[in-house]
**Student:** 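Take a look at the following structure, please.
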Amino acid sequence: MSLLTVKGLTTEFHTRRGVVTAVDDVDLTVNRGELVGLVGESGSGKTVLAESVVGLVEEPGVVTADSIVFDGQRLDQLTESEMRTLRGGKIAMVFQDPMTSLNPTISTGEQIAEAVRLHNDTGESISLPAELKRKIFGAAKDTESWRRAIELLEEVGIPEPSVRVTEYPHEFSGGMRQRVMISMALAGEPDLLIADEPTTALDVTVQAQILEDLKSLSQEFDTAILMITHDLAVVAETCDRVNVMYAGNIIERAPADELFANPQHPYTQGLLASTPRANKRRKLDPIPGNVPDLTNISYACHFAPRCPESTAECYDVEPEFRSMGPDHVAACLQRDPEVSDRE
Amino acid sequence: MSDSSLQSDDGEPLLTVRNLKKHFDTSTGLTDRLLGGGQSVKAVDGVDLTLHEGETLAVVGESGCGKSTLGRAILNLHQPTDGTVRYGGEDITHLSGKEMKPYRQKLQLIFQDPLSSLNPRQTVNEIISAPMEVHGIGDSAADRRERVEELLVQVGLKESHADRYPHQFSGGQQQRVGIARALALEPRVIVADEPVSALDVSVQAQILNLLSELQSSYGLSLLTITHDLSVVSQIADRVAVMYLGEIVEIGPVEQIFERPQHPYTRALLSAVPRIDAADRTDRILLKGSVPSPINPPSGCRFHTRCPEVIPSSAWPGNQSTFREAFRFYNRLLHEELEIDLVRERLENEGRSTDTDTVATQLLDESFQMPIEELPDDVQTVMYEIARHLIEDNREQAIETAQGVLDSPCKQSKPEMQVSGASQASCHLLTAEVTPTISPE
Amino acid sequence: MSTSQSPIDAKADEIDDVEEHLTLRKRLWGTLKRDKKSMLGAIVILSFLLVAIFAPYVAPVDPEQEYGIMEPPNTHSETADGEAYHLLGTDSYGYDIFSRIIFGARISLLVALVTVLFAFTTGTAIGLAAGYYGGWIDSLLMRYVDFQWAFPTLILAAGIIAVSGSLGVINVIIAVGVAFIDDFARLVRSEVLSLREKEYVVAARAIGMSDRRIMIKEILPNAVASLIVQVTLMIPIAILAEASLSFLGLGVRPTTPTWGLMLNEGRQFITQAWWLSIFPGFAIMIVVLAFNAFGDGLRDAFDVKEGEVLDR
């Protein structure tokens with residue numbers, strides 16, 4: 001069953017140079033416990049899409065949507081304070097750079113414990129003076145939230161959690177910090193975890209560990225994960241379903257295996273053809289040109305100028321999703337519905 | 001020892017690096033130096049490499065392994081601490097700025113961040129013609145301008161782009177400008193430091209293709225520094241794997257990717273995410289984090305994280321139990337075992353804090369398997385170590401641990417072992433210490 | 001090149017419009033047009049400069065001409081060749097204050113500009129060398145700068161004048177100029193320290209560019225924005241320093257018309273004739289405020305952060 005359903009979401013930024021349509025009338029669904037990939041290059045709008053869903057888009061951004069439904073609740077009708085309770089609670093987030101998201105002057109344990117207190121009823125006071133006291137004089141160690149912080153660190157695979165819990169963010173390596181972020185995200189027992197390039201800043205051996213962690217946590221807690229990344233291989237390894245985004249639009253959507261075995265949209269095909277594979281040398285077939293500037297795009301299919309198959313029609317007619325097979329859709333005028341032209 | 005055995009082709013390599021070291025002094029000022037507060041970061045610590053005419057050698061490693069420093073030390077942009085760099089037989093290691101100038105023409109550099117590598121206040125024409133001006137190529141500004149336009153077309157830009165400023169280009173185009181600048185002097189060797197890692201996937205492929213096209217048309221030798229193994233397999237002929245300032249394995253790409261000899265290379269390769277399900281292998285997950293290059297581990301530098309670390313001859317158990325105990329030992333050596341915190345936790349939970357309870361708790365927390373799975377006599381030794389530690393007797397604890405836990409990997413540095421066209425430095429490959437690995 | 005110019009690429013290029021490159025001058029003009037306060041500052045500065053240059057034509061009377069002493073503002077004096085109007089009155093020697101303020105602008109602005117120019121060149125050279133070479137050169141130069149910085153500007157300037165043994169415009173310029181060197185040296189050094197880590201500087205070294213060329217062509221142009229801002233912020237301080245020195249009697253020779261000296265002379269009569277010191281004080285205040293307003297505008301135009309220039 002679906003956990004998050006986004007319909008007709010558009011996010012525009014009004015700048016001096018014109019209107020930047022970062023997300024352009026996008027639909028997105030995430031089912032309970034599912035790992036969904038949102039893959040795209042820089043400027044594709046993947047991060048803005050996620051921020052729009054959880055109400056994190058700031059001035060001069062304007063979000064409009066037909067509906068955003070999370071767990072039966074209309075997110076687009078919530079007040080800011082209701083949204084705040086939800087964020088970090090039922091919807092948690094993990095970002096690319098863990099160092100900037102952690103407070104360097106407070107022990108990691110206290111930071112996790114605070115998240116625990118905020119989103120669970122531990123019977124501890126979360127009034128401002130109580131929180132300030134903990135920040136200044138150190139956390140109370142005989143509390144429910146502190147014990148839970150240690151458990152959470154253990155769950156994300158940090159060795160000696162009872163020791164590490166008292167340490168400060170700078171004493172952790174990059175991968176460990178990202179694990180701390182994940183443990184904070186888990187504090188509210190979220191139904192949906194939005195992971196925005198969670199492994200991009202990490203080394204490949206650490207990335208492998210974090211991805212394994214995320215997969216097993218998703219199973220253990222039945223948490224759905226929306227994995228935002230530019231890395232096709234990361235999506236291929238972790239996700240059940242994949243959405244491919246280009247210049248503000250989702251242009252193809254399919255189960256991961258199907259997408260990589262049988263890509264339909266020329267952009268997805270181009271992206272796969274231009275990605276080098278370890279231990280397989282082949283001629284790379286790059287997509288010509290560059291990702292477009294999203295200010296005042298005047299043509300219908302945003303990929304048309306770079307597309308090897310584009311015709312005049314592509315510049316004028318908005319491409320609708322066409323079914324390419326079971327649970328597989330692509331937005332391209334050059335593809336006949338249901339008849340997949342395998343090359 | 002040397003990789004001269006790898007020279008299947010004609011004689012003298014273009015670039016020969018021998019025992020290259022670059023240590024950075026962390027002391028900042030005079031006072032630091034006087035008080036001896038500084039330590040040295042061993043960023044590159046004894047690297048041997050050769051680069052042949054027209055080949056691409058990739059140096060691959062994780063962040064902090066010293067690969068970027070290696071590239072710059074080879075180009076004499078960092079003054080090497082020790083060792084030699086030879087270009088076409090000439091020692092260029094300690095040349096001054098002036099003496100180095102003729103070689104600068106032959107050795108060029110491409111950067112990771114295309115924008116920051118281009119001066120924001122100069123036009124593309126000024127940027128690309130600067131190297132020609134410096135080396136007195138071209139008779140006049142107009143002459144050089146012509147050559148700039150030629151270069152721009154060669155790297156896939158337009159002549160009219162010469163008057164633009166860097167920020168007016170996309171990332172991929174900026175990288176093309178950077179490549180044009182490197183080509184302006186018609187170098188023989190280009191060191192490319194992460195040339196595509198700041199670019200979008202679709203643009204990466206353009207630049208990788210451009211680099212290989214230019215390589216064949218100019219007969220360039222490329223030294224590519226990267227963390228991305230997919231990029232390595234795409235463009236490199238040979239690959240050198242770096243870990244903590246040292247090269248642990250070097251050889252032809254196919255051989256290294258198909259039959260990696262060093263446990264670190266194996267772990268690295270297994271960690272690469274793959275698009276095609278068929279390419280996926282069992283993950284070898286490395287535990288612990290990379291040690292500091294200020295005080296690198298003795299012997300084989302990878303021994304603190306190595307999943308295949310060789311048990312000491314005194315070890316009665318199997319390799320997997322040794323690995324656990326060995327990790328405990330390493331943490332003991334690095335003062336990472338925090339008795340006070342264990343004691344405090346016991347107190348908070350209202351339990352006794354006598355030596356035995358603390359020892360049990362410490363071992364419980366430190367081992368990821370039940371301590372009872374260790375052979376009996378080893379268990380006794382572990383408790384003894386813990387007790388020494390609790391009684392604040394670290395030396396005694398270490399001495400006791402040494403008896404059963406000193407792996408050959410920790411005792412001596414492995415020599416490079418040749419295997420086919422590649423070589424790796426791992427004790428597993430040397431005959432004398434072939435261990436009895438009993439997989440779990 | 002098969003990868004580069006396909007027909008599709010050309011089509012993409014048609015759509016691709018390039019962001020305009022803004023030179024320093026364009027950015028400056030844009031800011032002035034947007035920011036009324038800095039525009040006003042610029043106009044005031046410009047008019048003071050014009051007045052100073054054309055002082056003999058602008059001033060109603062000769063500043064050395066003596067009239068009745070301490071005539072209040074808005075009075076007339078009878079002279080041989082008619083009547084003289086004293087808009088701002090006359091001083092204790094009987095000089096016309098309005099004319100002396102106009103002529104005083106010459107000395108005050110000249111001293112300020114030359115002083116800052118001197119400090120700018122010397123300080124930039126020191127900062128460049130210290131930041132670029134580092135090591136013992138840096139230690140040596142910056143220890144000197146620290147040493148100088150530890151002295152209050154005025155005391156240092158007074159000391160230099162005392163040592164040089166005579167009063168005069170040149171001595172004031174040298175004294176204040178030397179005292180300002182450290183500000184520019186520090187600013188330039190900190191800029192150079194961050195700029196020399198930029199990859200384009202490494203690229204320049206990899207090309208084989210000489211150190212001098214790297215400093216002048218690669219590093220300095222990128223530090224220019226904050227230097228210009230610093231200059232506009234230092235000029236009013238130089239004006240004040242000159243006035244202070246003159247006020248203390250350590251500046252230019254008495255009877256030279258400068259704002260500081262006028263202020264000093266008027267001080268003794270502040271209870272009988274307020275206009276003697278108030279008007280030169282106003283002149284100083286207006287110019288200083290104008291430079292500050294203009295400097296703030298520049299800071300926005302060049303996007304220099306508050307902390308990057310040294311406010312004093």
Side-chain angles (χ1 to χ4, degrees), chain B residues 29-30 72 75-77 97-98 100-105 107-123 126-127 130-135 153-158 161 163-170 176 178 181-182 184-185 191 193 205-210 213-214, chain C residues 1-6 8-10 12-14 16-27 132-140 142-143 146 193-214 216-225 302-303:
Chain B
L30 194 63
R72 296 187 183 196
L75 293 181
N76 204 356
L77 291 169
K98 260 209 190 74
M100 190 65 200
K101 202 169 156 187
Y103 297 100
R104 294 257 176 253
Q105 200 172 341
L107 305 162
Q108 275 303 308
L109 184 59
I110 298 172
F111 297 88
Q112 169 173 9
D113 180 353
L115 184 57
S116 107
S117 75
L118 307 174
N119 192 332
R121 298 236 184 277
Q122 294 180 357
T123 61
E126 289 172 288
I127 290 168
M132 294 188 261
E133 269 173 48
V134 168
H135 288 274
V153 173
Q154 271 184 36
V155 297
L157 294 171
K158 280 188 258 166
H161 287 157
D163 294 315
R164 286 200 194 169
Y165 286 84
H167 70 93
Q168 297 173 301
F169 293 99
S170 68
R176 287 171 195 267
R181 168 177 56 196
L185 294 173
V191 175
D193 189 356
Q206 296 172 7
I207 299 294
L208 290 177
N209 281 358
L210 176 66
E213 278 170 35
L214 292 170
Chain C
M1 295 284 116
S2 58
T3 55
S4 37
Q5 287 297 319
S6 61
I8 302 144
D9 215 10
D13 269 6
E14 278 168 36
D16 159 57
D17 65 326
V18 178
E19 193 188 327
E20 195 196 356
H21 177 75
L22 295 171
T23 57
L24 280 184
R25 202 179 310 141
K26 276 189 213 155
R27 271 196 280 173
Y132 185 77
Y133 290 110
W136 66 267
I137 298 183
D138 185 30
S139 302
L140 195 74
M142 292 324 281
R143 284 310 76 77
D146 282 347
L193 281 183
S194 71
L195 288 171
R196 76 163 191 192
E197 299 303 322
K198 294 271 185 204
E199 291 190 333
Y200 58 82
V201 174
V202 181
R205 289 174 56 210
I207 284 164
M209 217 179 260
S210 66
D211 289 343
R212 225 182 59 203
R213 184 172 165 156
I214 292 178
I216 293 170
K217 294 204 79 166
E218 303 290 329
I219 294 181
L220 205 51
N222 286 290
V224 131
F302 300 153
D303 199 20

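Chain A is the first sequence line, chain B the second, and so forth, proteins listed ahead of strands; every chain is numbered from 1.
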**Student:** How about R72(B) and V202(C): do any of their side-chain heavy atoms sit closer than 4.5 Å?
**Tutor:** yes
**Student:** Let me confirm one number: the OH-CZ distance from Y200(C) to R121(B), rounded to the nearest 0.5 Å.
**Tutor:** 8.0 Å
**Student:** Flag the one option from H135(B), K98(B), M100(B) with the top tally of heavy-atom pairs under 4.5 Å to chain C.
**Tutor:**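 Result: the option with the highest number of such pairs is H135(B).
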**Student:** Closest approach of A203(C) and S117(B), non-hydrogen atoms and distance?
**Tutor:** CB-O, 4.4 Å
**Student:** To check you understand the geometry: which heavy-atom pair defines the closest contact between N222(C) and P120(B), and what is its length?
**Tutor:** OD1-CG, 3.3 Å
**Student:** Run the numbers on E133(B) and M209(C) for side chain to side chain contact (heavy atoms under 4.5 Å, CB included), then give the verdict.
**Tutor:** CA-CA 9 Å; E133(B) 269 173 48; M209(C) 217 179 260; over 6 Å; no
**Student:** State whether the side chain of N119(B) and the backbone N or O of E218(C) hold a donor-acceptor pair below 3.5 Å, judged by distance alone.
**Tutor:** yes
**Student:** For I110(B), is it the side chain, the backbone, both or neither that has a heavy atom under 4.5 Å from a heavy atom of chain C?
**Tutor:** neither
**Student:** What's the separation between atom NZ in K198(C) and atom OG in S116(B), rounded to the nearest 0.5 Å?
**Tutor:**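 The NZ atom of K198(C) sits 6.5 Å away from the OG atom of S116(B).
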**Student:** Only one of Q108(B), R104(B), Q105(B) clears side-chain contact (heavy atoms from CB on, under 4.5 Å) with I207(C); which?
**Tutor:**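 Only one option passes, and that is Q108(B).
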**Student:** Chain C heavy atoms under 4.5 Å from Q122(B): which part of the residue, side chain, backbone, both or neither?
**Tutor:** side chain
**Student:** Can you say whether L77(B) sits under 4.5 Å from chain C via the side chain, the backbone, both, or neither, judging by heavy atoms?
**Tutor:** both
